Trainee: 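Pasting a structure here, questions to come.
Keep in mind that this is a model prediction, so the values were computed, not measured.
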Amino acid sequence: MKPSVFLDWFGVIADNDVMTRRWRRVEAQLLHRKYGGSLSRWISVHDRAFQWYLNYWSKHGPRSRRNYRALWKLCEVEWMRRTLEWAGVGPPNSERELFKLDRELTYEITRRIDPTYPFARQTLETIRQSGWRLFLVSGADSAYVKGALEATKLKSFFKDTYSPDTLNAFKGSLPYWKKILRLSKSDPKSSVVVDDRPKFLRVPAKLGFQTILVSRNATSSQPFPQVASIRQLLSASLLPNLKNSEGPNVV
């Protein structure tokens with residue numbers, strides 16, 4: 001069985017700050033075309049709704065015992081409802097219509113934005129050519145990931161992609177990783193998980209995966225090997241048998 005590398009999206013392959021800035025603008029443009037109103041109004045509404053969204057997940061997130069899909073869908077529907085109401089647009093009465101609108105909007109926004117780091121494509125190509133199977137493991141939903149891969153044209157690099165809504169489990173949870181192991185047919189002992197958030201590496205580490213933390217500011221307080229970016233994977237001796245190498249070793 002070929003060894004596997006499981007890569008997070010934001011902070012590892014793509015820049016979340018770039019995506020956040022561009023998302024505001026693209027969302028405002030799409031909603032302006034559909035409902036009218038000023039771009040500045042839609043941007044203001046987005047910021048307000050986004051803060052609500054963050055607070056919601058902080059309160060009802062991974063520690064919740066509720067079914068993930070039900071909790072996530074409720075959040076998406078409410079996000080869409082509030083966005084329209086706060087902009088002075090009467091939202092559909094049907095939760096089904098609100099969810100459909102949210103999914104369409106998410107896909108249309110993400111497929112218009114490429115937030116990948118400039119070194120991401122060549123790094124993925126080098127790792128893949130060296131015999132590793134690449135998988136994308138994200139906390140973003142499947143519509144988001146689909147649009148992002150279309151925008152970045154990186155889909156062909158990955159053997160498969162995994163999102164919480166398709167797995168019906170919170171990212172980083174034991175059910176999330178058990179389902180990934182089964183679906184990817186991977187052996188933890190010959191697999192690597194790369195993420196920029198330590199909390200998402202703890203369960204894979206317990207399952208026997210090699211875990212690597214992407215951190216621009218390396219600190220000895222972390223129990224995981226650290227690299228400044230996935231570009232350093234090519235020279236850090238963390239992925240054996242790579243054909244090329246570049247960049248400093250920051251482990």
Side-chain angles (χ1 to χ4, degrees), residues 8-11 14-115 136-152 155 161-173 176 197 200:
D8 177 42
W9 182 248
F10 284 121
D15 189 327
N16 190 38
D17 292 337
V18 171
M19 187 64 171
T20 299
R21 291 195 304 270
R22 295 179 183 175
W23 179 292
R24 298 169 75 240
R25 183 172 65 253
V26 174
E27 181 187 279
Q29 291 169 345
L30 292 174
L31 291 173
H32 165 74
R33 292 172 192 168
K34 188 175 181 67
Y35 298 108
S38 68
L39 293 178
S40 61
R41 176 71 178 276
W42 283 114
I43 288 175
S44 176
V45 166
H46 162 81
D47 292 347
R48 183 181 174 189
F50 184 57
Q51 189 58 56
W52 173 87
Y53 193 92
L54 293 178
N55 292 340
Y56 178 94
W57 280 110
S58 177
K59 184 177 180 180
H60 303 286
R63 294 179 182 177
S64 172
R65 294 184 179 182
R66 294 183 59 180
N67 175 278
Y68 176 86
R69 285 198 188 104
L71 187 65
W72 164 73
K73 185 175 180 179
L74 176 64
C75 183
E76 298 299 320
V77 167
E78 192 60 26
W79 153 284
M80 196 73 258
R81 188 197 314 278
R82 289 169 183 259
T83 296
L84 296 177
E85 285 182 346
W86 291 342
V89 176
N93 292 324
S94 166
E95 289 191 359
R96 181 177 180 181
E97 287 301 310
L98 282 166
F99 185 66
K100 179 182 178 183
L101 178 60
D102 171 80
R103 298 294 79 211
E104 291 173 349
L105 185 63
T106 295
Y107 172 65
E108 287 302 321
I109 293 171
T110 53
R111 68 189 290 266
R112 286 169 165 77
I113 304 172
D114 181 355
L136 179 62
V137 291
S138 180
D141 62 65
S142 54
Y144 197 119
V145 169
K146 180 182 178 182
L149 291 179
E150 183 174 322
T152 60
K155 183 178 180 180
T161 64
Y162 303 111
S163 295
D165 60 307
T166 58
L167 299 177
N168 194 24
F170 287 98
K171 184 187 176 184
S173 67
Y176 182 94
R197 302 181 71 179
F200 293 134

Trainee: What pairs meet the salt bridge (charged side-chain N to carboxylate O under 4.0 Å, His left out) rule with one or both residues in residues 82-98, with sequence neighbours excluded?
Mentor: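 For residues 82-98, and leaving out neighbouring residues, the salt bridge (charged side-chain N to carboxylate O under 4.0 Å, His left out) pairs sorted by first residue read Glu78-Arg82.
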
Trainee: Work out which heavy atom in Tyr35 is nearest to a heavy atom in Val89; give both atom names and the distance.
Mentor: CD2-CG1, 3.6 Å

Trainee: Would you say Leu105 and Met80 make side-chain contact, with heavy atoms under 4.5 Å?
Mentor: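 Heavy-atom side-chain distance check passes, below 4.5 Å.
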
Trainee: Can a donor-acceptor pair be found, under 3.5 Å and without considering hydrogens, that links the side chain of Asn55 to the backbone of Gln51?
Mentor: yes

Trainee: Quick one: pull up CZ in Arg22 and CG in Asp15 and give me the separation to the nearest 0.5 Å.
Mentor: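 These two atoms lie 8.5 Å from each other.
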
Trainee: With a 4.5 Å limit on heavy-atom distance, are the side chains of Asn168 and Asn67 in contact?
Mentor: yes

Trainee: Is there side-chain contact between Asp141 and Arg103, with heavy atoms separated by less than 4.5 Å?
Mentor: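 Yes, side chains in contact.
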
Trainee: Work out which heavy atom in Thr166 is nearest to a heavy atom in Ser142; give both atom names and the distance.
Mentor: CG2-CB, 3.7 Å

Trainee: Is there a side-chain contact between Arg21 and Val18, using heavy atoms and a 4.5 Å cut-off?
Mentor: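 Arg21 reaches Val18 side chain to side chain.
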
Trainee: How long is the span from the CD1 atom in Ile109 to the CZ atom in Arg111, to the nearest 0.5 Å?
Mentor: 12.0 Å

Trainee: Considering non-hydrogen atoms only, spot the tightest contact between Ala169 and Tyr68 and give its length.
Mentor: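 Scanning both residues completely, I find the closest heavy atoms to be N-CB, 3.8 Å.
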
Trainee: Using distance only, find each side-chain donor-acceptor pair of residues 25-32 under 3.5 Å and give its atom names and separation, not counting sequence neighbours.
Mentor:
{"from": "Glu27", "atom 1": "OE1", "to": "Trp23", "atom 2": "NE1", "distance (Å)": "3.0"}
{"from": "Glu27", "atom 1": "OE2", "to": "His46", "atom 2": "ND1", "distance (Å)": "3.3"}
{"from": "His32", "atom 1": "ND1", "to": "Gly37", "atom 2": "O", "distance (Å)": "2.5"}

Trainee: Which residues satisfy the ring pair (Phe, Tyr, Trp, His ring centres under 6.0 Å) test with Trp86, sequence neighbours excluded?
Mentor: none

Trainee: Any idea which heavy atoms bring Cys75 and Trp57 closest together, and the distance?
Mentor: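 Result for this residue pair: SG-NE1, 3.3 Å.
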
Trainee: Heavy-atom count around Phe99 CZ within 6.0 Å, excluding the residue itself: above 12?
Mentor: yes

Trainee: Salt bridge between Asp8 and Lys171, side-chain N to carboxylate O under 4.0 Å?
Mentor: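 Between Lys171 and Asp8 there is a salt bridge, with a charged N closer than 4.0 Å to a carboxylate O.
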
Trainee: For salt bridge (charged side-chain N to carboxylate O under 4.0 Å, His left out), just list the numbers for Lys146 and Glu150, CA-CA rounded to whole Å, side-chain angles, deciding distance to a tenth of an Å, and then say yes or no.
Mentor: CA-CA 6 Å; Lys146 180 182 178 182; Glu150 183 174 322; over 6 Å; no

Trainee: Which atoms form the tightest heavy-atom contact between Gly147 and Thr110, and what is the distance?
Mentor: CA-OG1, 3.2 Å

Trainee: Can you tell me which residue pairs pass the salt bridge (charged side-chain N to carboxylate O under 4.0 Å, His left out) test with a partner in residues 39-61, sequence neighbours excluded?
Mentor: Arg24-Asp47

Trainee: How long is the straight-line distance from CH2 of Trp42 back to CZ of Arg33, given to the nearest 0.5 Å?
Mentor: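 Those atoms lie 13.5 Å apart.
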
Trainee: Atom NZ of Lys73 and atom CG of Leu98: how far apart are they, to the nearest 0.5 Å?
Mentor: 10.5 Å

Trainee: Side chain to side chain contact (heavy atoms under 4.5 Å, CB included) between Asp165 and Glu76: does it pass, once the steps are laid out?
Mentor: CA-CA 12 Å; Asp165 60 307; Glu76 298 299 320; over 6 Å; no

Trainee: Compare every heavy atom of Trp9 with every heavy atom of Ser138, then report the nearest pair and how far apart it is.
Mentor: OG-CB, 4.1 Å

Trainee: Nearest 0.5 angstrom please: Leu54 CG to Trp52 CH2, how far?
Mentor: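 Nearest 0.5 Å value for the CG-CH2 distance: 10.5 Å.
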
Trainee: Okay, side chain of Ser163, backbone of Ala140: is any donor-acceptor separation there less than 3.5 Å?
Mentor: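 Checking the backbone N and O of Ala140 against the side chain of Ser163, a donor-acceptor pair under 3.5 Å is found.
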
Trainee: So, using side chain to side chain donor-acceptor pair (under 3.5 Å) as the criterion, who are the partners of Ser40 when residues are at least two apart?
Mentor: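 In terms of side chain to side chain donor-acceptor pair (under 3.5 Å), with neighbours along the sequence ignored, Ser40 is linked to Ser38.
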
Trainee: Glu104: which residues meet the side-chain contact (heavy atoms from CB on, under 4.5 Å) condition with it, sequence neighbours left out?
Mentor: Lys100

Trainee: Using the ring centroid of each side chain, check whether Phe170 and Trp72 are separated by less than 6.0 Å.
Mentor: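 Judged by ring-centre distance (under 6.0 Å), Phe170 and Trp72 do not meet the cut-off.
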
Trainee: Can you tell if the side chain of Tyr56 reaches within under 4.5 Å of the side chain of Leu71, non-hydrogen atoms only?
Mentor: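 Yes, close enough: below the 4.5 Å cut-off.
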
Trainee: What distance separates Thr83 OG1 from Tyr53 OH, expressed to the nearest 0.5 Å?
Mentor: 11.0 Å

